[in-house]
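Numbers restart at 1 for each chain; the letters A, B, ... are given by sequence-line order, proteins then strands. These numbers come from a predicted model, not from an experiment. Just so you know, these numbers use all the heavy atoms, side chains as well, and skip hydrogens, waters and symmetry mates.
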Number of protein chains: 4
Amino acid sequence: MSDIAGPRQRRKEARPGEIIEAALILFHQKGYAATKLDDIARAAGVTKGTLYLYFPSKEALFKAAISETIHPNLDRIEELALKSTESATIRLRTAIHSWATALNECKGSISKLMISEAGNFPELTDFYIETVIKRSRALLMLLIKAGVDSGEFRQTDPDMLARILFSPILLTSIWRHTYASQDPITYDLNQLAQFHLDIVLHGIAIAPEHTL
Amino acid sequence: MSDIAGPRQRRKEARPGEIIEAALILFHQKGYAATKLDDIARAAGVTKGTLYLYFPSKEALFKAAISETIHPNLDRIEELALKSTESATIRLRTAIHSWATALNECKGSISKLMISEAGNFPELTDFYIETVIKRSRALLMLLIKAGVDSGEFRQTDPDMLARILFSPILLTSIWRHTYASQDPITYDLNQLAQFHLDIVLHGIAIAPEHTL
Amino acid sequence: MSDIAGPRQRRKEARPGEIIEAALILFHQKGYAATKLDDIARAAGVTKGTLYLYFPSKEALFKAAISETIHPNLDRIEELALKSTESATIRLRTAIHSWATALNECKGSISKLMISEAGNFPELTDFYIETVIKRSRALLMLLIKAGVDSGEFRQTDPDMLARILFSPILLTSIWRHTYASQDPITYDLNQLAQFHLDIVLHGIAIAPEHTL
Amino acid sequence: MSDIAGPRQRRKEARPGEIIEAALILFHQKGYAATKLDDIARAAGVTKGTLYLYFPSKEALFKAAISETIHPNLDRIEELALKSTESATIRLRTAIHSWATALNECKGSISKLMISEAGNFPELTDFYIETVIKRSRALLMLLIKAGVDSGEFRQTDPDMLARILFSPILLTSIWRHTYASQDPITYDLNQLAQFHLDIVLHGIAIAPEHTL
DNA sequence: TATGAATGAGCATTCATTCAT
DNA sequence: AATGAATGAATGCTCATTCAT
């Protein structure tokens, strides 16, 4: 009932989140420079002035939107894969699938946004590289090395293999957010992940039973 | 005669190309909206007004830059792989390596630019999807199907496999152009392609001799 | 009882005065346009909304601040000089010194503020000119004429002399409030007034005994 | 004939001066903050964007306007009084009259502007104090000391006397620019200067012949 | 063909004012 | 009486585009 509030309702707690959500979608669709604060305000159901109650500038809003979205996802993946006592094969599959699932559910793609805007926001990019990219890749490399050590996988280059394992999922996720209307993708990221894992694990497995 | 022009003197036929080259680099670095015509003009060694002698608007220049860069690359790949009478395995390897080589040499990445700006230039995106993306993928799928038909590869999903085969190369190329300073990549795209092909072909090969 | 209120608790009757005091200082320091209501509110220890309980607009607050500060000072000077039955010389000295003393003690300078903002507030300026400037000058001219009539001073131009007599004090007062840090003034306005009066009275006196 | 140029005429050389002149008048009338760039542009006969071809910001335009106006006047006064071999009395009269003449002719009053805006532009104020105020006062003090040394004037406080000598002229000049309509002044600054000098020199002269 | 001064619509940001609480 | 979140008109500044030279 009080949900249907008038135009001057007070929402101090909820506002920043609503604004960030609206901003992220628009930044993602149009890029930072092409996104107008008017658009963000309208999408968030407020006026332009209100944005400045919560964020001191457009740039600050952009950075906040990126950071806020990144942070809650950071720890989840690592937990999943590291705690487990299963075989490296299983843990690798689990890690990648949980990541694919996360990407499947995202409305926007931080990866795409960072690719587009990295050149214009060097410090933000540094932060993203350190906290997201390197950390994610380190996890994959850890699992790959574990598999090599345990005799599940052949000797291989963990850096390249890590890059190869996440590329199709990440690029397809970006693709879907970019070319959804012109080139729709009919399967979900988990299917793609499974398909790729089956091939790669078969390709690097020492014994067939280590494929799954 | 006009060939012997001074080093600073430019032949007028060369102008559009020089402008496009400068524009492409800047669009790629900063994105469309953040790139100023002043910057492009300065980088091309002309003044802002001169741009309008060759391109009616910023948007037209952007589209021209994309199109001009795409076109000369379009036919090359197809020729390479289709003419050959080798095995599907060989032709697949050849196609992917020649593509990796092409990407290796590019100063900018049209793929990255299209990902960034697709939302703001729908018609251009349509054109890109039809002439580049779908055509490239169709080529890979053709070769994959040929390999399945010839008994070199197991039965598989050509769309997914095509996507998987170009993802690491394309994403790594984009990566390199985006995060070069923060996260340098030490190997080239051909090494990555070979590494991936070895694994995947081994994974999908019916007999070991079809891996190479 | 309400006198025993906590140090932070303010009696509501005091509010307008506290706001005016804070406003006057800020208007004086930064000028009308550069002073934000937020600053005034903060300086007065209230919130921005509260200002509107006492003053209908920023302009009204400004005018009130000027008027409130002017009024209590209006009558004082006239009393001092007019009641006296001393010689014109003495009364002139008394008037100027009491005025110098008043200016010495002021934290802000209405004169400076009016000089700065006269162009933007014509009606307020009219009011200030009529009630302060012309009245003050009329007083000085009255005393000068009295001195001429009584044979204390030579025949002279009362308007010019009045202007000359208050200029050093007024300008120095403004100066002190404007360039305090860059160009500090080491003597007080009474010293300056006495110095000037000694010279001028000696200059216009008919007989030496009329200098003091 | 070509003077009646169209709206797109080119005036690169003349423009900065025209803009500064228009800006100075408006800053003077309304103060810095209350002066809109649109107003300045309109008064200068250009559009807002043109201002930015010549000045990088409103603040830079303001500072340029002050500086440009100050500089040409700096050396003039000193020359006048210092070269002369006349008596100190004559040189003092000459200096003050030439200064009064300069102020008489000015459309705006930098002094007024600096009083209004000193608080908001500390570095500009420092510059003004050092190059204009202190230099002018030093000149007057020099002449006063010369008069004392030559036996023309009694022993006196040069700082105070200097301040007293320029106050009426300066304040009246400011007054005229501030309250022209409400409180017009009927005599010019040279009359005022002569009136004051006659009194003061008579007041401080050791012998009557040193008054003129 | 080439220039670059000038334009003006567009956008980020500010801040006096309002109003639900 | 007091708050402070929200508003929106105003304004400094940018930049794609035009055009006289």
Looking at the side chain of [X], which of [options] is the nearest nucleotide?
X: C:T47; options: E:dA2, F:dG4, E:dT17; answer: F:dG4
X: D:Y52; options: F:dG12, F:dT18, F:dA2; answer: F:dG12
X: D:L53; options: F:dA1, F:dA6, E:dA6; answer: E:dA6
X: A:Y54; options: E:dT17, F:dA6, E:dT3; answer: F:dA6

Whole Å only: how far is the [atom1] atom of [X] from the [atom2] atom of [N]?
X: D:I40; N: F:dG12; atom1: CD1; atom2: C1'; answer: 11 Å
X: B:R15; N: E:dT3; atom1: CZ; atom2: C1'; answer: 11 Å
X: C:R42; N: F:dA2; atom1: CZ; atom2: P; answer: 19 Å

Identify, between C:E59 and A:P56, the residue whose nearest nucleotide on DNA chain E lies closer to the 5' end.
-> A:P56

Pick the nucleotide of DNA chain E nearest each of C:A34 and B:T50; which residue has the one closer to the 5' end?
-> B:T50

Report yes or no: is the cationic atom of D:K58 (NZ for Lys, CZ for Arg) closer than 6.0 Å to the six-membered ring centre of D:Y52, at no more than 45° off its axis?
->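 Judged by the rule (NZ or CZ under 6.0 Å from the ring centre, within 45° of its axis), D:K58 is not positioned above D:Y52.
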
Centroid-centroid distance, D:H71 to D:F127, less than 6.0 Å |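 Judged by ring-centre distance (under 6.0 Å), D:H71 and D:F127 do meet the cut-off.
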
Taking the six-membered ring where the residue is Trp, are the ring centres of A:Y128 and A:F121 under 6.0 Å apart?
->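 No; A:F121 has its ring centre 6.0 Å or more from that of A:Y128.
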
Report yes if the side chains of [X] and [Y] come closer than 4.5 Å at any heavy-atom pair, otherwise no.
X: A:K63; Y: A:I66; value: no
X: C:I129; Y: C:D126; value: no
X: C:L24; Y: C:L113; value: yes
X: B:E117; Y: B:F62; value: yes

Which atom pairs link the protein and nucleotides 9-11 of chain E when you take only N or O atoms and keep those under 3.5 Å?
none

Identify the two heavy atoms, one from B:I20 and one from B:F55, that lie closest to each other, and give their separation to 0.1 Å.
->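 Reported closest heavy-atom pair: CG1-CZ, 3.7 Å.
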
Exam field: side chain D:H177 to backbone D:Q29, donor-acceptor pair closer than 3.5 Å |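 Such a contact is absent between D:H177 side chain and D:Q29 backbone.
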
Paired stretches of DNA chain F - 3 or more consecutive Watson-Crick or G-U pairs, each distance under 3.5 Å |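 Expected stems, ordered by start: E:2-21 with F:2-21.
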
